[in-house]
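The structure appears right after this line, and notes come after that.
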Amino acid sequence: MECPPILVFESLDDMALKALQWLSEKTSDQKRGTVSVALSGGNTPQALFERLVKLDKGTVDWNKLLIFWGDERCVPPEHTDSNFRSAKKSILTPLDIPEEHIFRIHGESEPEMEAERYSKILAETLPILNGVPQFDLILLGLGEDGHTASIFHGDKYLFASTQYCAVSKHPKSGQQRITLTGSVINHAAEVMFLVTGTPKARIVSEIAETPELTNYPAAKVAPITGKLTWLLDKGSASELKPKN
Ligand code: 6PG
């Protein structure tokens, strides 16, 4: 199986400049009214978002972005675990993204009802491809255990699900989560894994280089468009096999 593009950056600033380049290309395309992006959660994206804000030189039309999430923890928006809260602080407020362009997952609501509500919003807001809402870009993180979004080991069935969103549970903390299903992830026009730090080097090398040999949820990420890219720093790339 052909290895997807793996981009290794010297610094987070370089990674941010690459992301800004993607965003400015998409938002300056006159044929597009909006550009839909699903943000990943966890710690990794925060530092990148802060760099994006710092390095932004006005080439991105931020008013064209529709902001969604790949997953959310079932906590209120002011809770320290809230993915919305950290994105609001690191990028939404600093860039003054219009309220009506922010599609927050209501982590405070009853999880099953929220998964249904968010699925409806995706179906109403995004173009539909093969019966599935299609994002322009989905950003994904990667856990050291091989999970992505909030699709953990026991949830791999979500890659064959006809649902758009589902409720899952963190295997260690028991925390309930609302996550996009694998079907929506694999129908995105583009998917980018954003992974930093040496502790993730082994899992990155396994999944990026030989996904078919592993049984990790993240190894099932294979967008039907074929557009999957890995954005890595030197730490997370440190166990990749040298290219011939
Ligand atoms: C979440 C995520 C999850 C995250 C990975 C990596 O809400 O936790 O979306 O999939 O991306 O767990 O998390 P870190 O970036 O914190 O290592």
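For reference, positions follow the sequence shown, starting with 1. Just so we're clear, the structure is a prediction, and the values are computed from it rather than from any experiment. Counting starts at 1 for both ligands and their atoms, following the listed order.
Protein heavy atom at the shortest distance from atom 4 (C) of ligand 1 is Gly41 O, 3.9 Å. Looking only at heavy atoms of the protein, atom 16 (O) of ligand 1 is closest to Asn43 N, 2.8 Å. What sits closest to atom 6 (C) of ligand 1 on the protein, heavy atoms only, is Leu142 O, 3.6 Å. In terms of protein heavy-atom proximity, atom 13 (O) of ligand 1 is nearest to Gly42 CA, 4.0 Å. Looking only at protein heavy atoms, the nearest one to atom 17 (O) of ligand 1 is Lys200 NZ, 2.6 Å.
Taking only nitrogen or oxygen atoms, main chain and side chain alike, Asp71 reaches within less than 3.5 Å of ligand 1. In terms of polar-atom proximity, defined here as any N/O pair under 3.5 Å, Gly143 makes no such contact with ligand 1. By the 3.5 Å distance cut-off applied to N or O atoms, Ser40 is not counted among the residues near ligand 1. Close N/O approach between Pro45 and ligand 1 is not found [any backbone or side-chain N/O within under 3.5 Å].
Counting only distance, with no hydrogens or angles, the side chain of Asp71 and the backbone of Asn83 share no donor-acceptor pair below 3.5 Å. A donor-acceptor pair is defined here as one N or O able to donate and one able to accept, closer than 3.5 Å; no such pair exists between the side chain of Glu190 and the backbone of Ile138. Listed for the Arg85 side chain is a donor-acceptor partner under 3.5 Å among the backbone atoms of Glu78. No donor-acceptor pair under 3.5 Å is formed between the side chain of Thr125 and the backbone N or O of Leu122.
Contacts with ligand 1 closer than 4.0 Å are made by no heavy atom of Leu140, backbone or side chain. Under 4.0 angstrom from ligand 1, the non-hydrogen atoms of His147 all belong to its side chain.
Listed by number with element, the atoms of ligand 1 under 4.0 Å from a non-hydrogen atom of Ala149 are 2 (C), 3 (C), 9 (O), 10 (O). Heavy-atom contacts of Gly141 reach the following atoms of ligand 1: 11 (O) (cutoff under 4.0 Å). Near Arg177, meaning under 4.0 Å from any of its heavy atoms, are these atoms of ligand 1: 1 (C), 7 (O), 8 (O). Near Thr44, meaning under 4.0 Å from one of its heavy atoms, ligand 1 places the atoms 14 (P), 15 (O), 17 (O). Those atoms of ligand 1 with a heavy atom of Asn83 less than 4.0 angstrom away are 7 (O). Within ligand 1, the atoms closer than 4.0 Å to a non-hydrogen atom of Arg73 are 1 (C), 7 (O), 8 (O), numbered from 1 in the order shown.
Assignment of Glu72 to the shell around ligand 1 is not supported, since no heavy atom sits closer than 4.0 Å. Heavy-atom distances between Gly70 and ligand 1 stay at or above 4.0 Å for every pair.
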Audit row: Leu20, Trp22, side-chain contact (heavy atoms from CB on, under 4.5 Å) steps and yes/no: CA-CA 5 Å; Leu20 280 170; Trp22 187 94; over 6 Å; no

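There is no side-chain donor-acceptor pair under 3.5 Å between Thr27 and Asp61. In this structure, a donor-acceptor pair under 3.5 Å is absent between the side chains of Gln46 and Glu50.
The aromatic rings of Phe68 and Tyr118 sit perpendicular, their planes meeting at an angle over 60°, well past the 30° parallel limit. Classification of the His170-His147 ring pair by plane angle, with boundaries at 30° and 60°, yields perpendicular.
Tested against Arg51, the residues Asp13, Asp14, Asp56 include a single salt bridge (Lys or Arg N to Asp or Glu O under 4.0 Å) partner, Asp13. Results of the side-chain contact (heavy atoms from CB on, under 4.5 Å) test with Phe103 over Leu126, Leu66, Ile67 single out Leu66 as the only residue that passes.
By the 6.0 Å contact criterion, NZ on Lys26 is enclosed, its count of non-hydrogen atoms from other residues, nucleotides or ligands being greater than 12.
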